There are 2 protein chains.
Amino acid sequence: MAKKPSARAPLDQFDRAILRILQTDNKTPQRSIAESVNLSTAAVQRRVAALEATGVISRNVAVVDPDAVAMSITAIVEVYLRDERSATVDAAKAAFRKTPEVQQCYYVTGGTSFVLIVVTRDMRSYESFTRKVFEENDSVNNYRTLVVIDRVKTDTQIPIEE
Amino acid sequence: MAKKPSARAPLDQFDRAILRILQTDNKTPQRSIAESVNLSTAAVQRRVAALEATGVISRNVAVVDPDAVAMSITAIVEVYLRDERSATVDAAKAAFRKTPEVQQCYYVTGGTSFVLIVVTRDMRSYESFTRKVFEENDSVNNYRTLVVIDRVKTDTQIPIEE
DNA sequence: AATGAAAAACTACACTA
DNA sequence: TAGTGTAGTTTTTCATT
């Protein structure tokens with residue numbers, strides 16, 4: 001599993017084309033990638049290995065449907081910290097990073113400190129999550145929950161320019 | 001590429017253990033999955049195939065680091081529609097779904113209509129995105145941008161209970 | 001860029017709870 | 001009958017030239 005800070009040469013057209021494919025389906029055989037982008041399979045192989053080694057591809061994962069594993073509540077939570085001292089912020093980051101219900105966490109500008117995407121089994125477990133993570137946490141001043149009605153789009157694809 | 005609405009038997013311990021592994025690294029050889037969960041490789045093979053066929057695993061993807069492809073702005077946008085008539089909402093969903101800069105889109109409760117996660121090259125292209133998608137769109141009443149300073153956690157992992 | 005070796009994914013079939 | 005393991009086949013990956 002590659003995760004280098006990466007000193008990387010800029011990506012060329014081939015790399016970008018390969019990334020577009022792997023972002024959609026990383027099980028695509030190198031042979032058919034090679035056809036699509038007009039390279040040999042060996043070239044594709046070397047490029048994919050390099051993209052992984054330099055961290056351009058950070059992970060290779062299966063995407064699981066939350067409904068299928070009976071995790072029916074997705075919520076977006078805006079978190080307001082008591083203060084923005086770096087110790088406070090770093091502690092919050094660490095806490096969110098290791099909480100499994102927190103699927104995504106972003107530190108943001110504009111008044112709100114963090115935006116979280118939280119996944120739980122049901123409303124009861126969402127409530128106990130908020131107790132545990134927000135209400136018993138002194139550095140959290142306040143939070144606002146937006147419950148997701150429809151996960152319209154959850155691709156984690158990055159738009160890759162031509 | 002599997003995507004069935006999924007009428008499926010509930011997942012057992014084996015399935016959940018397999019999902020936990022594949023969510024972390026879907027390149028894990030079936031042989032080592034088999035060892036971890038105490039099944040034969042063939043059994044693992046069949047279960048993975050079934051999980052894909054029923055849509056429990058919706059996709060298999062490479063996760064690309066936005067910085068590596070020079071997409072340096074991530075923004076979280078709260079969108080307020082003019083009204084919540086279903087035609088208006090559905091049109092907005094369709095529009096967001098097909099806009100490549102919109103990496104994720106959630107329809108939510110609580111005043112805000114949509115929360116978007118938007119990825120662009122830089123601030124200039126973020127601005128032209130907002131013009132194109134919000135300001136020239138009559139059904140968008142208003143929107144609020146939170147610019148991401150730190151992508152603290154961007155796993156798209158679902159917590160899978162024991 | 002092409003070949004060949006190694007590994008992984010998949011299939012067939014007999015067996016068992 | 002649904003699901004497993006063994007063992008054999010095909011496909012994919014990867015190193016070497």
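Bear in mind that the values here come from a model prediction, so they are computed numbers and not experimental data. Reminder, nothing fancy here: chain letters follow the sequence lines and each chain counts from 1.
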*Flag yes if more than 12 heavy atoms outside A/R144 fall under 6.0 Å of its CZ atom; otherwise flag no.*
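Atom CZ in A/R144 is packed in, count exceeds 12.
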*Indicate, yes or no, whether a donor-acceptor pair under 3.5 Å links the base of D/dG3 to the side chain of B/R47.*
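No such pair is found, so the answer is no.
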Nearest-angstrom distance from the residue atom [atom1] of [X] to [atom2] of [N]:
X: A/N26; N: D/dT12; atom1: CG; atom2: C1'; result: 14 Å
X: B/I33; N: D/dT4; atom1: CD1; atom2: P; result: 14 Å
X: B/N38; N: D/dG3; atom1: CG; atom2: C1'; result: 16 Å
X: B/L11; N: D/dG3; atom1: CG; atom2: P; result: 12 Å
X: A/Q45; N: C/dG4; atom1: CD; atom2: P; result: 17 Å
X: A/R31; N: C/dA2; atom1: CZ; atom2: P; result: 15 Å
X: B/F14; N: D/dG3; atom1: CZ; atom2: P; result: 12 Å
X: A/K27; N: C/dA8; atom1: NZ; atom2: C1'; result: 12 Å

Can you tell whether the side chains of [X] and [Y] come within less than 4.0 Å, N to carboxylate O?
X: A/E52; Y: A/R59; result: no
X: B/E35; Y: B/R31; result: yes
X: B/R16; Y: B/E162; result: no
X: B/D138; Y: B/R82; result: no
X: B/D67; Y: B/R151; result: yes

*So, is A/Q30 close to the D/dT12 phosphate, meaning a side-chain N or O under 4.0 Å from OP1 or OP2?*
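The answer is no; no side-chain N or O of A/Q30 sits under 4.0 Å from OP1 or OP2.
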*For B/T28 and A/A43, take the nucleotide of DNA chain C holding the closest heavy atom to each; which residue's nucleotide lies nearer the 5' end?*
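So the residue in question is A/A43.
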_Nearest-nucleotide pick for A/R46, side chain only, options being D/dT4, C/dA1, D/dT13_ =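 Closest nucleotide among those given: C/dA1.
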*asked:* Given D/dT6, C/dA1, C/dA9, identify the nucleotide with an atom nearest to the side chain of A/S40.
replied: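 Nearest to the side-chain atoms of A/S40, counting from C-beta on, is C/dA1.
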*State, to the nearest 10°, the angle formed by the axis through the first five base pairs of the helix from C/dA1-D/dT17 to C/dA17-D/dT1 and the axis through its last five.*
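Between the axes fitted at each end of the helix from C/dA1-D/dT17 to C/dA17-D/dT1 lies an angle of 30°.
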*Any chance you could lay out the side-chain hydrogen bond (donor to acceptor under 3.5 Å, both in side chains) test for B/T88 and B/S139, step after step, and finish with the verdict?*
CA-CA 7 Å; B/T88 313; B/S139 60; over 6 Å; no
